[in-house]
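Structure first, then comments.
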Amino acid sequence: MCGRFVLKESAEEVGAFFETDLTGEGIPLPSWNISPTQQIAAVVESVKDSDTPKRRLEAARWSLVPGWSKELTLKFPTFNARTEDIMSKATWKPAVKAKRALIPASGYFEWRTDAQGKKHPNYIHDPSGELLAFAGLYSWWADPTKQPDDESRWVLTATILTSPAVPHLAEIHDRNPVPLPRDLWQWWLDPLTEGDQSMVDAAVAAAIPVASELEFFEVAPIRGNGPELIEPVS
DNA sequence: CCAGACGTTGTT
DNA sequence: GTCTGG
DNA sequence: CCAGACGTTGTT
DNA sequence: GTCTGG
């Protein structure tokens with residue numbers, strides 16, 4: 001679930017909605033067809049070159065690469081992280097503790113498989129058109145082929161958390177991302193709080209009312225990139 | 001202990 | 001780096 | 001997640 | 001059918 005999504009606002013609009021102090025460059029927006037390993041927008045908070053944490057909108061590679069990896073391209077998928085047993089996975093554990101992020105999305109795609117095994121893409125979104133804030137994790141990966149003093153060796157990578165689907169979304173899929181309500185954003189992002197399984201469980205629980213409000217409709221096959229990808233089909 | 005993996009989705 | 005399987 | 005590729009030898 | 005790239 002959640003292997004494809006939409007962010008059709010500009011970086012400026014996204015930064016304003018998430019009240020970020022800084023809006024980084026290099027986020028390819030808008031996009032109606034964001035797939036794993038592409039650049040996504042990530043809201044993060046950390047103490048960087050200052051005393052107090054700053055909230056930033058950054059570009060990140062969608063597929064978290066843990067610090068110990070020698071390669072940017074992993075042999076296993078990391079674009080989603082299952083919340084149920086997240087602390088038991090070496091890849092996620094350090095990020096749950098202190099590298100939590102919000103991933104802005106206008107909506108996402110889900111493929112429902114019908115009785116004939118045919119797949120039907122659906123666009124899932126907030127009925128009022130508000131941006132969604134998926135709970136996510138991030139990791140700074142240092143490219144070992146670059147010099148230690150080369151700032152460009154640092155690559156921000158990120159993943160989106162998933163949970164069992166809320167009842168009405170289970171109709172098209174058994175998993176869904178974890179959309180956090182605005183009143184939990186600061187709590188989730190706070191880098192001074194050490195995250196654990198109970199924090200992730202609380203985030204999943206808080207996301208249920210948000211996910212329960214989402215609406216969806218079938219769309220045409222997802223090809224190319226443009227507003228037409230989120231036009232309803234009969 | 002070391003060697004080798006480190007993960008998800010979906011489908012059967 | 002850390003966890004799991006043998 | 002889906003879409004698209006999926007391969008080699010030898011010669012230029 | 002299965003792997004890779006986006």
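All values derive from a computational prediction rather than experimental measurement. Sequence lines set the chain letters: A, B, ... in the order given, protein chains first and strands last, and positions in each chain run from 1.
With C1' as the reference atom, B:dT9 and C:dC3 are 23 Å apart, rounded to whole Å. Spacing of C1' atoms, D:dC2 relative to B:dT8, comes out at 14 Å, to the nearest Å. A gap of 29 Å separates the C1' atoms of D:dG4 and B:dA5, to the nearest Å. Comparing B:dT12 with E:dG1, their C1' atoms sit 15 Å apart, to the nearest whole Å. If you take atom C1' in D:dG10 and the same atom in B:dA3, they sit 41 Å apart, rounded to whole Å. Taking atom C1' on both nucleotides, B:dT11 is separated from D:dC1 by 15 Å, rounded to a whole Å.
Checked options A:Lys99, A:Lys54, A:Arg56; the residue passing with A:Ser46 is A:Arg56 (criterion: side-chain contact (heavy atoms from CB on, under 4.5 Å)).
Residue A:Thr78 has no polar side-chain atom (N or O) positioned under 4.0 Å from OP1 or OP2 of B:dG7. The phosphate of B:dT8 (OP1 or OP2) has a side-chain N or O of A:Trp92 nearer than 4.0 angstrom. Look at A:Arg175 and you'll find a side-chain N or O under 4.0 angstrom from OP1 or OP2 of B:dT9. Between A:Lys119 and D:dC2 there is a side-chain polar atom (N or O) within less than 4.0 angstrom of OP1 or OP2. When the side-chain nitrogen and oxygen atoms of A:Thr113 are compared with OP1 and OP2 of B:dT11, one or more of them lie within a distance under 4.0 Å. For A:Lys75 and B:dG7, the shortest distance from a side-chain N or O to OP1 or OP2 is not below 4.0 Å. Taking 4.0 angstrom as the limit, A:Lys89 places none of its side-chain polar atoms (N or O) nearer than this to OP1 or OP2 of B:dA5.
In the set E:dG6, B:dT8, B:dT11, E:dG6 carries the atom at the smallest distance from any side-chain atom of A:Thr37. Listed nucleotides B:dT9, B:dC6, E:dG6 differ in distance to A:Pro36; the shortest reach to its side chain belongs to E:dG6. With distances taken from any side-chain atom of A:Arg223 to the nucleotides D:dA3, B:dT8, B:dC6, the minimum falls on D:dA3. In the set D:dC2, B:dC6, B:dT8, the nucleotide with an atom closest to the side chain of A:Ala90 is B:dC6.
We find that CG of A:Leu161 is positioned 11 Å from P of B:dT9, with the value rounded to whole Å. One can place NZ of A:Lys70 at 12 Å from C1' of B:dA5, the figure rounded to the nearest angstrom. Rounded to an integer number of Å, the gap from A:Asn176 CG to B:dT9 C1' is 14 Å. What separates CD1 of A:Ile222 from P of E:dG5 is a distance of 23 Å, to the nearest Å. In this structure, A:Leu74 atom CG and E:dC3 atom P are separated by 17 Å, rounded to whole Å. Rounded to whole angstrom, the span from the CD atom of A:Gln39 across to the P atom of E:dG6 amounts to 13 Å. Distance A:Arg82 CZ to B:dT9 P: 5 Å, rounded to the nearest Å. Distance, A:Trp62 CH2 to D:dC2 P: 11 Å, rounded to whole Å.
A ring-centre distance under 6.0 Å is not found for A:Trp154 and A:Tyr138. A:Tyr123 and A:Phe109 have their aromatic ring centers within a separation under 6.0 angstrom.
With a 6.0 Å radius and a threshold of 12 heavy atoms from other residues, nucleotides or ligands, A:Glu71 has its CD atom at or below the threshold. Counting non-hydrogen atoms of neighbouring residues, nucleotides and ligands closer than 6.0 angstrom, the CD atom of A:Glu213 reaches no more than 12 such neighbours.
Here A:Trp68 lies parallel enough and close enough to stack on the base of B:dC6, with planes under 30° and ring centres under 5.5 Å apart.
Here B:dC1 sits opposite C:dG6 as a Watson-Crick or G-U wobble pair (both hydrogen-bonding atom distances under 3.5 Å). Both distances falling under 3.5 Å, in either a Watson-Crick or a G-U wobble arrangement, occur for no nucleotide opposite B:dG7.
Residue A:Trp111 is in sugar-phosphate contact alone, with no base atom involved, counting any heavy-atom pair closer than 4.0 Å across all strands shown. Among the heavy atoms of the strands lying under 4.0 Å from A:Ser35 is at least one base atom, whether or not backbone atoms are also near. Nucleic acid contact class of A:Ser69 (heavy atoms, under 4.0 Å, all strands): none.
A side-chain donor from one of A:Ser106 and A:Glu9 sits under 3.5 Å from a side-chain acceptor of the other.
Within the model, atoms NZ of A:Lys89 and CZ of A:Arg82 stand 7.5 Å from one another, a figure rounded to the nearest 0.5 Å.
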